[in-house]
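Below you'll find the structure, written out as structure tokens, and then a few comments.
Bear in mind that the values here come from a model prediction, so they are computed numbers and not experimental data. As a basis for the values below, the full set of heavy atoms in this structure was taken, side chains included, without hydrogen atoms, waters or symmetry mates.
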Amino acid sequence: MSGLQHIGVVSLFADEVERIGQYGVIGRAISNGAVTLDCRNPRDYAEDQHRTVDDRPFGGGPGMVMQYAPWVAAIRDAKAQHGEALCVAMSPQGRRFDQAAAQRMSALPAIVFVAGRYEGFDERIIEAEIDEEWSLGDFVLSGGELAAMSMIDSVVRLKPGVLGHDQSAALDSFADGLLEHPHYTRPAEIEGRQVPAVLQSGDHGAITRWRRREALGRTWLRRPDLLAAATLSEQDLVLLEEFKAAH
């Protein structure tokens with residue numbers, strides 16, 4: 001089976017992260033054997049009776065810093081369980097995670113996600129064990145667990161066979177660099193709001209054209225930065241001008 005096979009997570013809240021494997025897309029992927037999820041807590045690798053994993057920063061200042069020994073032991077154990085694994089740390093200093101990164105990671109055999117807390121990692125942990133640092137965006141979380149779980153969900157759902165429909169991932173927002181078109185379901189009218197007539201026409205060519213135009217237009221309205229980076233065909237440019245004219 002190709003693509004991602006194994007996911008490891010190193011976290012002080014490993015039990016919480018494990019819950020992602022109990023429901024939804026990730027739960028189904030694990031239950032059908034598409035991927036494995038292995039979570040471990042650095043406290044289990046601490047050598048003192050208090051299971052210490054952090055200490056005060058050199059140079060003074062607030063907060064605590066993740067200690068080298070227990071974290072590196074946990075990371076190396078996770079790597080050993082998964083063979084050749086990409087080791088990823090959640091960090092506000094990391095690159096901003098996007099769909100292109102998710103697609104690349106979904107093709108790897110194994111990934112170990114490292115979710116820190118407090119003031120961050122002793123820099124020597126990053127130097128010794130971390131291959132890449134990633135962030136969800138320019139905001140601060142109390143820990144890396146939510147970021148790691150978000151990335152895991154994003155990556156696993158791209159693995160062939162995980163979603164219920166083969167085209168589901170291919171048609172998602174960002175899959176081709178654009179936001180998705182609007183969606184509607186029954187009934188055709190709700191409180192005076194109608195489903196666009198073209199979607200009820202049965203004309204699949206017209207529906208495809210409408211959906212592409214709406215995706216281009218929605219991206220132009222809401223995420224012009226994505227549109228500026230997208231490669232558009234001549235037909236796309238015509239559809240975008242149609243959308244703009246209608247607005």
Side-chain angles (χ1 to χ4, degrees), residues 4 20 23-26 88 90-107 113 132-142 144-160 162-247:
L4 187 64
I20 195 175
Y23 59 88
V25 170
I26 309 304
V88 174
M90 307 297 101
S91 169
Q93 300 182 37
R95 287 176 287 172
R96 186 178 296 180
F97 188 70
D98 58 17
Q99 191 69 11
Q103 289 169 341
R104 176 177 65 84
M105 290 181 182
S106 71
F113 293 88
E132 299 177 1
E133 295 180 77
W134 288 94
S135 168
L136 292 189
D138 297 336
F139 57 93
V140 178
L141 295 170
S142 298
E145 289 78 17
L146 290 175
M149 287 190 283
S150 297
M151 289 178 63
I152 290 169
D153 186 279
S154 178
V155 170
V156 171
R157 69 192 311 279
L158 293 175
K159 184 176 172 65
V162 168
L163 297 181
H165 193 292
D166 290 342
Q167 292 297 312
S168 294
L171 298 176
D172 282 342
S173 288
F174 309 113
D176 63 353
L178 302 176
L179 300 182
E180 247 190 311
H181 58 76
H183 294 276
Y184 299 88
T185 190
R186 294 165 181 78
E189 180 181 347
I190 300 175
E191 297 180 347
R193 291 181 170 85
Q194 297 276 353
V195 172
V198 65
L199 298 180
Q200 305 176 67
S201 68
D203 185 335
H204 296 294
I207 291 171
T208 298
R209 191 177 190 276
W210 179 88
R211 285 175 170 169
R212 184 64 177 178
R213 186 187 69 192
E214 293 299 308
L216 288 160
R218 180 163 286 194
T219 307
W220 170 67
L221 287 173
R222 302 181 181 184
R223 290 292 304 275
D225 58 311
L226 292 178
L227 192 63
T231 300
L232 304 182
S233 67
E234 291 186 8
Q235 178 66 11
D236 285 337
L237 295 174
V238 170
L239 293 174
L240 181 56
E241 289 306 314
E242 287 184 9
F243 183 93
K244 291 180 178 180
H247 281 70

Nearest heavy atoms of Leu141 and Leu146, plus distance in Å: CD1-CB, 4.4 Å

Value rounded to 0.5 Å, distance of CG in Leu216 from NE2 in His181: 11.5 Å

Got a second to check how far Phe113's CZ is from Glu145's CD, nearest 0.5 Å? 13.0 Å

Would Tyr184 and Ile190 count as a side-chain contact (heavy atoms from CB on, under 4.5 Å) if you check the C-alpha gap in whole Å, the side-chain angles of each, and the deciding distance to 0.1 Å? CA-CA 11 Å; Tyr184 299 88; Ile190 300 175; over 6 Å; no

Just how far is it from atom CD1 of Ile152 to atom CE of Met105, taken to the nearest 0.5 Å? 10.5 Å

Within the 4.5 Å heavy-atom criterion, are Ser150 and Phe97 side-chain neighbours or not? no

Looking only at heavy atoms, the pair that brings Ser201 and Val198 closest together is OG-O, 2.7 Å

If you draw a 6.0 Å radius around CG in Asp138, do more than 12 non-hydrogen atoms from other residues or ligands fall strictly inside? no

What is the minimum heavy-atom distance between Gln99 and Leu158, and which atoms define it? NE2-CD2, 3.7 Å

Tell me every residue that passes side-chain contact (heavy atoms from CB on, under 4.5 Å) with Leu221, counting only those two or more places apart in sequence or in another chain. Phe243, His247

Closest approach of Ala147 to Leu136 (non-hydrogen atoms, all atoms of both residues): CA-CD1, 3.6 Å

Dump the intermediate steps for side-chain contact (heavy atoms from CB on, under 4.5 Å) on Leu178 and Leu226, then the final yes or no. CA-CA 6 Å; Leu178 302 176; Leu226 292 178; 5.7 Å; no

Of all the heavy-atom pairs spanning Gln200 and Val195, show the shortest one and how long it is. NE2-O, 3.1 Å

Taking every heavy atom of Ser91 against every heavy atom of Ser135, the minimum-distance pair comes out as O-CB, 3.1 Å

Spatial distance of atom NE2 (His183) from atom CD (Glu214) [nearest 0.5 Å]: 11.5 Å

Give every residue pair that meets the salt bridge (charged side-chain N to carboxylate O under 4.0 Å, His left out) criterion with at least one member in residues 229-247, sequence neighbours excluded. Arg209-Glu242, Arg212-Asp236, Arg213-Glu242, Glu241-Lys244

Apply side-chain contact (heavy atoms from CB on, under 4.5 Å) to the pair Arg157 and Asp153, showing each step before the final yes or no. CA-CA 6 Å; Arg157 69 192 311 279; Asp153 186 279; 3.8 Å; yes

Between CG on residue Leu240 and CH2 on residue Trp220, distance to nearest 0.5 Å: 7.5 Å

Flag yes if more than 12 heavy atoms outside Gln93 fall under 6.0 Å of its CD atom; otherwise flag no. no

Quick check: do Asp203 and Trp210 have side-chain heavy atoms less than 4.5 Å from each other? no

